[in-house]
Visitor: 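This is the structure, below, for whatever I ask next.
To find a chain, count down the sequence lines: A is the first, B the second, and so on, and within it residues start at 1.
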Amino acid sequence: MASTSTSSALSPLYESKFFFSTFTFPRKFTFPLKLLKSSIQTPKVLQPQVSRKTVSSSKSKLWVNPKSPRASELKRKSYDFRYASLVKVAQSLDSCNAVQEDVFNVLANLGDKLVEQDVVVTLNNMSNPETALLAMEYFQQRLKFSKEVIVYNVILKVVRKNKDFGKAEKVFDEMIERGVKPDNVTFSTIISCARQCNLPEKAIEWFEKLPSFECEPDDVTYSVMIDCYGKAGNVDMALSLYDRARTEKWRIDAVTFATLIRIYGTAGNFDGCLNVYEEMKVLGVKPNMTVYNSLLDAMGRARRPWQAKNIYAEMLSNGFQPSWGTYASLVRAYGRARYSEDALKIYKEMKEKGLELSVVLYNTLLAMCADVGLMDEAFNIFEEMKASGCQPDSWTYSSLITIYSCSGKVSEVESTLNEMMEAGFDPNIFVLTSLIQCYGKAGRIDDVVRTFDRLSDLGLSADERFTGCLLNVLTQTAKEDLHKLTICLERANPKLGYVVKLLLDEEVVEEEGVFKKHAAELLDSVTTDVRKAYCNCLIDICVNLNQLERACELLDVGLTLNIYKDIMSRNATQWSLHLKSLSLGAALTALHIWMNDLNKALESGEEFPSLLGINTGHGKHKYSEKGLAGVFESHLKELNAPFHEAPDHAGWFLTTKVAATSWLESRRAQEVVAS
DNA sequence: CTAGGGTTAG
């Protein structure tokens, strides 16, 4: 009843392409009750307003001026109504059996007077390609399309939603068979389908087909293709398309620029990202959210949190509200760069806005906490994560275990490990690495060995980091327990095992230079990112075993292989020793060598500069109770050395030419007396 | 929302 009075009241709008007077409630209503209810509610709201207005009109009871605001409102409302109904039909079709009879039955509810727009709207709202193809048959039997290509294009969209590229190609073939000529939209839809199916080479193949169907790529085709070439790793091709689009004067809009920024970001060309951004502004294109989010993401990858911060500020000042993606990029940018305060602030803001974090974001935060040693924060985030219903994964547990391990919290590590295994995750290499570290710190060597054995039980093999942690345990282990660990070490990396064996086995007598040769070979064989750690550990072991000569040999190897760079420097006013990133043993060894050099200089009558300095770095690493600076301060005192920490330069120990000279001379005098 | 491009990552 509502529907009849509505139609008659609106009948003057009948001709409008937006108005569908043919739509009445289906007689054989087969939709689920839920859909039926909401369909009925719409006209209820519409109907009384319309009749009141038309009745009160003095000139005509039925006619509303189609150009008046009132009319356009009615148009919109009636269209909304029709649109909502078509969406319901689309939903019914999605869940209906993919057999012709069922599909046709659902469609019969649309009535006989179908227009092309109905077809497009219905299909466009579908996600089931099987029933969509059957629905298309229904429409093809009943309608003569003025632009059949549009119907195929919409079907291609449905196919794309299902990421079924093979089916997209089939639909295309069918289209050609029926004599329907494809257009740019057809191609850009197929191409983007290939892209979403991770088939960038297919996308390129289809892009190259365009001319043979008398199609010329336009701005959208270029945009999709730029993205495809970027995804296929063909950055040059992507950029040359961009150039072509530019010279052919295609309108290049913000989305395309965002795509370019993403391509540069993925390729690691971060200045390229910023250049594109500048170029875009020069061309007068206003950045949108996509552009900002791509830029923020790129700056995160680039580890340039300060630039992310600036871009974010600009985004806010241009009146944009951060989206989920914005926050995600910021968490990543700040988290990876260890800007923990900024990252936690973003986290807080997300919570306040009720935005849900994904497991990846939680893991980013937890990994950051692990990096900077925020144990309590990590615990809280982990609890909040679980409370929010986000399921922790192996990364989550791995970060937590790392945090507890670095602080030597054995019982927390073990309970987290249990929780992890109860959740169905076997320990992975990261977890085992942390366990080794934790047990090593706690002096539980048998547990270290047991953990090492678990590696092969779980079908894993030691990687360089794992082996490095094992080596690090040796630097903290009493001499009598070392043999237990060298067995593991030999199994993990025979070359390394042999070098350590040479250090421990006092009975091995070897020729001059043999140790150095093996050490150099070993360090050369591992990747650059663990070289320094290995070398530091080996020197520490030497120092612990009081093998200062070997320590010097190793430091020398480290200098030759460029593992340690610019440790000693001299300029007109200051000679310096730079110990940042050296382990304590390596730093002490370097100091020893430096002092020898100073002695030699003194002996040869070389003039000292006015200042001599040792830079330990103020790196108060969160996990070591005393940084290198603290340990060095007491060591220098023991040596009676006149170096004192500079009050305005944390981590710098300085002395004057006069003090240094007299100190070195007095040491030499003592040595003479002693011998 | 009305035939085509981006957006959720380690």
Side-chain angles (χ1 to χ4, degrees), chain A residues 17-18 20 75-76 79-87 90 115-126 145-158 160 168 180 182-193 195-196 203 206 215 217-228 230-231 241 245 250-263 265-266 288-298 300-301 323-333 335-336 355-368 393-396 398-399 430:
Chain A
K17 72 166 182 168
F18 291 111
F20 306 89
K75 256 192 219 171
R76 189 183 54 78
Y79 184 70
D80 284 354
F81 173 45
R82 176 61 167 174
Y83 186 86
S85 310
L86 293 170
V87 170
V115 289
E116 222 164 326
Q117 187 85 14
D118 295 352
V119 179
V120 171
V121 171
T122 307
L123 292 176
N124 195 47
N125 279 289
M126 287 186 66
F145 293 106
S146 62
K147 284 179 184 169
E148 195 167 359
V149 62
I150 293 178
V151 182
Y152 276 103
N153 290 344
V154 181
I155 289 283
L156 285 169
K157 269 178 78 180
V158 179
R160 188 183 57 189
V180 178
D183 61 9
N184 263 330
V185 178
T186 316
F187 283 103
S188 58
T189 311
I190 291 176
I191 290 167
S192 75
C193 177
R195 195 196 71 91
Q196 284 176 26
W206 276 84
C215 289
D218 64 9
D219 56 343
V220 177
T221 330
Y222 277 130
S223 180
V224 185
M225 275 320 297
I226 287 171
D227 193 32
C228 285
K231 262 228 153 145
L241 269 195
W250 286 106
R251 181 185 58 96
I252 304 166
D253 68 8
V255 177
T256 307
F257 282 108
T259 302
L260 284 163
I261 292 169
R262 243 193 9 268
I263 290 171
T266 316
N288 64 10
M289 284 301 285
T290 327
V291 171
Y292 282 120
N293 289 352
S294 313
L295 268 176
L296 291 173
D297 185 65
R301 284 174 198 270
S323 68
W324 193 92
T326 314
Y327 285 127
S329 293
L330 287 173
V331 165
R332 209 155 67 117
R336 287 176 67 181
L355 290 170
E356 262 184 36
L357 277 81
S358 66
V359 65
V360 176
L361 281 187
Y362 277 116
N363 289 348
T364 306
L365 287 169
L366 290 171
M368 176 196 76
D393 67 6
S394 61
W395 291 70
T396 319
S398 170
S399 288
F430 302 103

Visitor: Determine whether more than 12 heavy atoms belonging to other residues, nucleotides or ligands lie under 6.0 Å from atom CZ of A:Phe145.
Guide: yes
Visitor: Output the single nucleotide from B:dG4, B:dG10, B:dA3 whose closest atom is nearest the side chain of A:Val120.
Guide: B:dA3
Visitor: Given atom CH2 of A:Trp250 and atom P of B:dG4, what is their separation to the nearest angstrom?
Guide: 17 Å
Visitor: Would you indicate which nucleotide in B:dT2, B:dA3, B:dG6 comes nearest to any side-chain atom of A:Val121?
Guide: B:dT2
Visitor: Out of B:dG4, B:dT7, B:dA3, which has the shortest distance to the side chain of A:Arg195?
Guide: B:dT7
Visitor: State whether A:Lys147 places a side-chain N or O below 4.0 Å from either non-bridging phosphate oxygen (OP1 or OP2) of B:dA3.
Guide: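 Negative; the distance criterion is not met.
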Visitor: Can you tell which of B:dG6, B:dG4, B:dG10 lies closest to the side chain of A:Trp395?
Guide: B:dG10
Visitor: Tell whether A:Ser192 reaches the base of B:dG4 with its side chain through a donor-acceptor pair below 3.5 angstrom.
Guide: no
Visitor: Rounding to a whole Å, what distance do you find between A:Asn293:CG and B:dG6:P?
Guide: 15 Å
Visitor: Taking atom P of B:dA9 as reference, at what distance in whole Å does atom CG of A:Leu366 sit?
Guide: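 Rounded to the whole Å, the gap is 19 Å.
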Visitor: Which nucleotide wins on minimum distance to the side chain of A:Asn153, given the candidates B:dG6, B:dA3, B:dG4?
Guide: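 Of all the options, the side chain of A:Asn153 is nearest to B:dA3.
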Visitor: At 4.0 Å (heavy atoms only), tell me whether A:Ala328 reaches a base, stays on the sugar-phosphate, or touches nothing.
Guide: base
Visitor: What is the distance, rounded to the nearest whole Å, between atom NZ of A:Lys231 and atom P of B:dG5?
Guide: 14 Å
Visitor: When you measure from the side chain of A:Asp183, which nucleotide among B:dG4, B:dA3, B:dT7 comes out closest?
Guide: B:dA3
Visitor: Quickly work out the A:Leu241 CG to B:dG5 C1' distance and round it to whole Å.
Guide: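 Checked: the CG to C1' distance equals 14 Å.
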Visitor: With a 3.5 Å cut-off and heavy atoms only, can you find an N or O donor on one side and an acceptor on the other between the side chain of A:Thr290 and the base of B:dG6?
Guide: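 Answer is yes: a donor-acceptor pair is held.
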Visitor: Has the side chain of A:Asp118 got a donor or acceptor atom that lies under 3.5 Å from a matching backbone atom of A:Val121?
Guide: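 It does not hold such a pair.
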Visitor: So, does the side chain of A:Asp253 form a donor-acceptor pair with the base of B:dG5 at under 3.5 Å?
Guide: yes
Visitor: Among B:dG6, B:dG10, B:dG4, which nucleotide sits nearest the side chain of A:Asn363?
Guide: B:dG10
Visitor: Classify A:Asp227 by what it touches in the nucleic acid, base, sugar-phosphate, or nothing, heavy-atom distance under 4.0 Å.
Guide: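 Sugar-phosphate contact only - A:Asp227 comes under 4.0 Å of backbone atoms but never of a base.
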Visitor: Specify the separation, in whole Å, of atom CZ of A:Arg336 and atom P of B:dG10.
Guide: 8 Å
Visitor: May A:Trp324 be described as stacking on the base of B:dT7, applying a 5.5 Å centroid limit and a 30° limit on plane angle?
Guide: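 Per 5.5 Å and 30° rule: no stacking.
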Visitor: If you check the A:Val255 side chain, which of B:dG6, B:dA9, B:dG4 turns out closest?
Guide: B:dG6
Visitor: Are OP1 or OP2 of B:dG5 and a side-chain N or O of A:Arg160 less than 4.0 angstrom apart?
Guide: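 Yes, such a contact exists.
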Visitor: Is any side-chain N or O of A:Asp218 under 3.5 Å from a base N or O of B:dG4, one able to act as donor and the other as acceptor?
Guide: yes
Visitor: Give a yes or no on whether a salt bridge exists between A:Arg332 and A:Asp297, defined as a side-chain N under 4.0 angstrom from a carboxylate O.
Guide: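 So A:Arg332 pairs with A:Asp297 through a salt bridge.
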Visitor: Would you classify A:Thr256 as touching base, sugar-phosphate or nothing, given that sugar-phosphate means primed atoms plus P, OP1 and OP2, and contacts are heavy atoms under 4.0 Å?
Guide: base
Visitor: Using a strict 4.0 Å threshold on nitrogen-to-oxygen distance, state whether A:Lys231 and A:Asp227 make a salt bridge.
Guide: no
Visitor: Given B:dG5, B:dG10, B:dA3, which nucleotide is nearest the side-chain atoms of A:Lys157?
Guide: B:dA3
